[in-house]
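Since the structure comes first, as structure tokens, the remarks are kept for the end.
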Amino acid sequence: MTNHERNASTGPRGIAALAERVNAALRTSATPSLTQLVLRCALAVPFWRSGVNKWDGFLQLNDVAVLLFSSELKLHLPGGPYNFPAPGLVAFASGSAEILLPILLVLGLATRLAAFGLLVMTLVIQLTVPDGWPLHITWAAMALGIMAWGPGRIALDHWIGTDKGRWGPMGADGFPPLRR
């Protein structure tokens, strides 16, 4: 091997070539559809777990859920904190959404709408627990990513055709090209 060949394999071009091989391997293992599925599941889990804890049976809220919304949880708005209006109704709506929206997300059905619903819930949770912003911003980012890029190919929306072609032609990475 000549000095020129040795320098080419260890110099900037060699490093760039190695980096491209590593990136190609990573792209192969983290396909956009798999990534979108994992993102949907990751956002669904904390809401599902919270929702399951609010119910004692079918359409039967437990006493703790109503108590939380009537006395413990407050909306931290300017001039507040304020009590939740109609705490029983808010607890029921919250518990229902925390069960239904994660199911829709995991199935990939009405995916963008479900992600939007969880984004709204995240904003209300942020107003209720302001110190939880590091976790809440993560949930918001996941919901926004799902809303922007859709459910992916491993989703009922894709299979039944409600999310096909919405963005036009896809790039080589499986995502729509960025519009500037």
Side-chain angles (χ1 to χ4, degrees), residues 27-62 64-66 68-69 73 75 77 84-130 132-180:
R27 275 193 305 270
T28 301
S29 64
T31 64
S33 289
L34 176 62
T35 303
Q36 288 163 295
L37 172 64
V38 172
L39 188 61
R40 292 188 341 250
C41 292
L43 180 58
V45 166
F47 288 94
W48 171 264
R49 292 178 77 183
S50 177
V52 166
N53 288 329
K54 288 183 172 71
W55 297 98
D56 276 339
F58 184 70
L59 298 179
Q60 182 62 46
L61 279 176
N62 62 35
V64 175
V66 177
L68 281 173
F69 281 97
L73 299 176
L75 289 170
L77 297 168
F84 273 90
L89 181 61
V90 171
F92 184 84
S94 170
S96 298
E98 287 175 329
I99 295 294
L100 178 62
L101 297 176
I103 290 172
L104 291 174
L105 265 189
V106 170
L107 293 175
L109 185 62
T111 308
R112 293 175 200 262
L113 183 62
F116 177 72
L118 292 179
L119 177 63
V120 170
M121 288 187 70
T122 299
L123 296 174
V124 173
I125 293 167
Q126 176 58 34
L127 292 173
T128 307
V129 187
W133 70 266
L135 185 57
H136 304 156
I137 199 166
T138 304
W139 295 344
M142 288 190 286
L144 288 168
I146 294 165
M147 290 165 55
W149 301 113
R153 292 186 177 143
I154 307 171
L156 289 177
D157 282 340
H158 180 78
W159 292 338
I160 63 176
T162 57
D163 207 61
K164 285 184 182 174
R166 186 174 304 263
W167 293 94
M170 295 294 176
D173 60 358
F175 286 108
L178 293 176
R179 296 183 184 145
R180 296 184 195 264

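This structure is a prediction, so every number in the text was calculated from the model and none was measured. Basis for what follows: all heavy atoms, side chains included, without hydrogens, waters or symmetry-related copies.
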Ring pair (Phe, Tyr, Trp, His ring centres under 6.0 Å) evaluation trace for H136 with W133: CA-CA 5 Å; H136 304 156; W133 70 266; 9.3 Å; no
Check: [Y] main-chain N/O paired with [X] side-chain donor or acceptor under 3.5 Å:
| X | Y | result |
| --- | --- | --- |
| Q36 | I146 | no |
| R40 | L105 | yes |
| S50 | P46 | no |
| N62 | N53 | yes |
| W48 | E98 | no |

Distance (rounded to the nearest 0.5 Å) between [X] [atom1] and [Y] [atom2]:
| X | Y | atom1 | atom2 | result |
| --- | --- | --- | --- | --- |
| L73 | L127 | CG | CG | 12.0 Å |
| I137 | M142 | CD1 | CE | 11.5 Å |
| T128 | L75 | OG1 | CG | 5.0 Å |
| L43 | T111 | CG | OG1 | 11.0 Å |
| I154 | L107 | CD1 | CG | 13.5 Å |
| L61 | F69 | CG | CZ | 9.0 Å |

Would you name the heavy atoms of [X] and [Y] that are closest together and state the gap between them?
| X | Y | result |
| --- | --- | --- |
| A155 | P151 | CB-CB, 3.5 Å |
| A44 | V106 | CB-CG2, 3.7 Å |
| Q126 | G132 | OE1-C, 4.0 Å |
| G51 | I99 | C-CD1, 3.7 Å |
| A114 | L104 | CB-CB, 4.0 Å |

Whether W139 and F47 hold their rings parallel, tilted or perpendicular, with breakpoints at 30° and 60°: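 It falls in the tilted class, 30° to 60°.
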L59 side chain reached by F92 side chain, heavy atoms, under 4.5 Å: yes
Any side-chain heavy-atom pair of M121 and L118 under 4.5 Å: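 Counting from C-beta outward, M121 and L118 do come under 4.5 Å.
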Criterion side-chain contact (heavy atoms from CB on, under 4.5 Å) on V64 and L68, from CA distance to verdict: CA-CA 6 Å; V64 175; L68 281 173; 4.2 Å; yes
Contact list for residues 100-109, test side-chain hydrogen bond (donor to acceptor under 3.5 Å, both in side chains), sequence neighbours left out: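 Counting only pairs at least two positions apart or across chains, no side-chain hydrogen bond (donor to acceptor under 3.5 Å, both in side chains) contact touches residues 100-109.
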